[in-house]
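Since the structure is predicted, the reported quantities are computational estimates derived from the model, not experimental observations. Along the sequence shown, the residues carry numbers beginning at 1. As a basis for the values below, the full set of heavy atoms in this structure was taken, side chains included, without hydrogen atoms, waters or symmetry mates.
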Amino acid sequence: MKKYYVNNRAQANGDHEEHDEDCHYLPSDRKYLGLHNHCRSAVEAAKAYYRQVNGCKFCSEDCHTQ
């Protein structure tokens with residue numbers, strides 16, 4: 001299991017990106033989402049805070065959408 005976070009600052013397109021604890025792009029302004037086995041459950045957890053959530057292209061490629 002990994003620790004996951006969501007960026008509190010939205011990207012230009014409105015997405016709040018979800019990141020794992022090892023991501024090189026882990027933002028400092030973030031909200032802890034807890035321990036998850038996969039990015040999909042972390043993205044769902046992030047949706048409790050933000051309507052528009054996307055997985056990080058680099059650390060959560062399985063959950064990243066164009």
Disulfide (SG to SG under 2.5 Å) partners of Cys39, counting only residues at least two apart: Cys63
Listed once per pair and sorted, the salt bridge (charged side-chain N to carboxylate O under 4.0 Å, His left out) pairs that draw on residues 10-20, sequence neighbours left out: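 Every salt bridge (charged side-chain N to carboxylate O under 4.0 Å, His left out) pair that includes a residue of residues 10-20, provided the two are not neighbours, is Lys2-Asp20.
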Listed once per pair and sorted, the salt bridge (charged side-chain N to carboxylate O under 4.0 Å, His left out) pairs that draw on residues 57-66, sequence neighbours left out: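 Residue pairs passing salt bridge (charged side-chain N to carboxylate O under 4.0 Å, His left out), neighbours aside: none found.
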Ser60 vs Tyr4, side-chain contact (heavy atoms from CB on, under 4.5 Å): CA-CA, chis, key distance, verdict: CA-CA 10 Å; Ser60 297; Tyr4 283 87; 4.0 Å; yes
Distance, nearest 0.5 Å, that separates SG of Cys59 from NE2 of His19: 6.0 Å
Output a table of donor-acceptor pairs, distance under 3.5 Å, between side-chain atoms of residues 23-35 and any protein atom two or more places apart or on a different chain; print 'none' if there are none.
| unit_1 | atom_1 | unit_2 | atom_2 | d |
| --- | --- | --- | --- | --- |
| Asp29 | OD1 | Asn8 | ND2 | 2.9 |
| Asp29 | OD2 | Arg9 | NE | 3.2 |
| Arg30 | NH1 | Pro27 | O | 3.0 |

Results of side chain to side chain donor-acceptor pair (under 3.5 Å) for His64 - residues two or more places apart only: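 Partners of His64 under the side chain to side chain donor-acceptor pair (under 3.5 Å) test: none.
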Side-chain donor/acceptor of His36 to backbone N/O of His38, under 3.5 Å: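 Flag not set: sc His36 to bb His38 has no pair under 3.5 Å.
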Expected output: side-chain His16 to main-chain Asn7 donor-acceptor under 3.5 Å: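 Confirmed, His16 side chain pairs with Asn7 backbone.
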Residues that Lys47 engages under salt bridge (Lys or Arg N to Asp or Glu O under 4.0 Å), provided they are two or more places apart: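 With neighbours one apart ignored, the set is Glu44.
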